[in-house]
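Take a look at the structure set out below.
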Amino acid sequence: MSKQLPETTNFLKQAERNVTLEGVMPLVKLERLSEVLSDNSGELFAKLQFTSGTGYLGLHGEVEASLELICQRCMQPMKHAVSGQFKFGLMTDEKYIDKVPFDADPYLLEGDEQSVVEILEDELLLSIPISATHQKACSEFLHKQDEERRVEKEKSNPFAVLKDLKID
Ligand SMILES: [Zn+2]
């Protein structure tokens, strides 16, 4: 079984120790994300690398998950694999903003612990396509729907009824 990621941790201490956290987290802990999913029973996988000694305190990482979204064409659930990468420059005070490299997002450390959930959730929300649709399975679903409509139409056709009567 994969290791569970903590919901919160002390980012500053982890960066000073150059800790790498790797593991899984149930999607049900991501409340904002859960709202856009048709099923939040899965889990995400993420790797968070806290670094120091590179001139700044960093948090680099990646997250991936298979999300169950609603297809915007057929309105049926669909599995969609998403992944994202992030790079933060951690600051104990806003005056250190100059130390944050240009390709990293500044992250102001407040309180004793910071939320791992929030960082991963933000990243996953960004990775969801605005209009998610099935690729192959969707056309199969629509085809089946067309077939059902055709059968319905035949049933409502009076001649079809006569034909049925004859057979009886
Ligand atoms: Zn579809």
Side-chain angles (χ1 to χ4, degrees), residues 1-139 141:
M1 216 178 104
S2 300
K3 202 168 175 255
Q4 293 285 328
L5 287 167
E7 286 180 52
T8 64
T9 188
N10 186 313
F11 285 12
L12 181 60
K13 273 188 194 156
Q14 302 285 34
E16 284 169 348
R17 293 172 192 159
N18 295 297
V19 168
T20 295
L21 299 176
E22 204 171 344
V24 296
M25 182 183 283
L27 294 176
V28 68
K29 290 191 179 173
L30 283 57
E31 288 174 21
R32 283 176 295 142
L33 181 75
S34 292
E35 282 173 21
V36 300
L37 301 180
S38 68
D39 181 358
N40 67 353
S41 61
E43 59 185 17
L44 62 80
F45 172 80
K47 186 174 176 180
L48 296 102
Q49 284 178 283
F50 294 90
T51 61
S52 55
T54 45
Y56 75 107
L57 299 168
L59 167 52
H60 307 173
E62 52 196 52
V63 56
E64 53 187 61
S66 177
L67 304 178
E68 192 143 320
L69 305 171
I70 296 291
C71 169
Q72 296 305 302
R73 197 168 0 165
C74 69
M75 295 300 155
Q76 296 299 304
M78 56 171 270
K79 284 266 183 200
H80 189 78
V82 294
S83 63
Q85 290 187 326
F86 47 89
K87 185 172 179 179
F88 292 104
L90 309 176
M91 306 180 295
T92 50
D93 189 292
E94 277 174 1
K95 70 184 177 192
Y96 298 121
I97 191 136
D98 291 344
K99 296 205 175 210
V100 176
F102 72 95
D103 63 338
D105 293 319
Y107 185 104
L108 184 63
L109 298 166
E110 286 174 302
D112 290 339
E113 297 216 329
Q114 291 74 38
S115 177
V116 174
V117 172
E118 208 166 279
I119 281 184
L120 300 180
E121 181 162 48
D122 284 344
E123 197 55 46
L124 286 179
L125 282 168
L126 283 173
S127 69
I128 294 177
I130 295 166
S131 180
T133 53
H134 283 115
Q135 290 183 350
K136 207 175 165 192
C138 188
S139 57
F141 173 81

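Below, all heavy atoms of this structure are taken into account, side chains as well, without hydrogens, waters or symmetry copies. In this text, all values refer to a predicted model and were calculated from it rather than measured experimentally.
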Please report the closest heavy-atom contact between M91 and P106, naming both atoms and the distance.
CE-CB, 3.8 Å
Do the side chain of E62 and the main chain of S83 share a donor and acceptor less than 3.5 angstrom apart?
no
Are more than 12 heavy atoms, taken from residues, nucleotides or ligands other than D112, located less than 6.0 Å from that residue's CG atom?
no
Would you say that T92 contacts L12 through its side chain, given a criterion of any heavy-atom pair below 4.5 Å between the two side chains?
yes
For L5 and A46 the tightest heavy-atom approach is CD1-CB, 3.7 Å
Using the rule given for side-chain contact (heavy atoms from CB on, under 4.5 Å), can you reason through K79 versus L67, listing the C-alpha separation, both sets of side-chain angles and the distance that settles it, and then say yes or no?
CA-CA 6 Å; K79 284 266 183 200; L67 304 178; over 6 Å; no
Close side-chain approach of L30 to M25, heavy-atom, < 4.5 Å
yes
Between L90 and Q114, is there a side-chain heavy-atom distance shorter than 4.5 Å?
no
Just how far is it from atom CD of Q85 to atom CD of E64, taken to the nearest 0.5 Å?
10.0 Å
Separation of T51 OG1 from Q14 CD (nearest 0.5 Å):
12.0 Å
Would you check if the distance from the ring center of F11 to the ring center of F88 is below 6.0 Å?
no
For S131 and Q72, work out which heavy atoms get closest and say how close.
OG-CB, 3.8 Å
For A132 versus L69, what's the shortest heavy-atom pair and its separation?
CB-CD1, 3.8 Å
May I ask you to test the D39-P77 pair for a side-chain heavy-atom distance under 4.5 Å?
no
Search all heavy atoms of P26 against all heavy atoms of E43 and return the closest pair with its distance.
CA-CB, 4.0 Å
Side chain to side chain, R32 and D122, heavy atoms closer than 4.5 Å:
yes
Q76 side, atom CD; H134 side, atom NE2 - distance, nearest 0.5 Å
7.5 Å
Can you tell me if H80 uses its side chain to pair, donor with acceptor, with the backbone of I70 under 3.5 Å?
no
Heavy-atom closest pair (F86 atom, K47 atom, distance to 0.1 Å) is CZ-O, 4.3 Å
Is F45 atom CZ crowded by more than 12 heavy atoms from other residues, nucleotides or ligands, each under 6.0 Å away?
yes
Just so I know, are the side chains of L44 and L33 near enough to count as touching, which here means a heavy-atom distance under 4.5 Å?
no
Min side-chain heavy-atom separation V19-T9 under 4.5 Å
no
Does S52 reach the main-chain N or O of A15 with its side chain, forming a donor-acceptor pair under 3.5 Å?
yes
Any side-chain heavy atom of Y107 within less than 4.5 Å of one from V100?
no
Could you give me the CA-CA distance, side-chain angles and deciding distance for L37 and E68, then say whether side-chain contact (heavy atoms from CB on, under 4.5 Å) is met?
CA-CA 6 Å; L37 301 180; E68 192 143 320; 5.5 Å; no
Is E16 atom CD crowded by more than 12 heavy atoms from other residues, nucleotides or ligands, each under 6.0 Å away?
yes
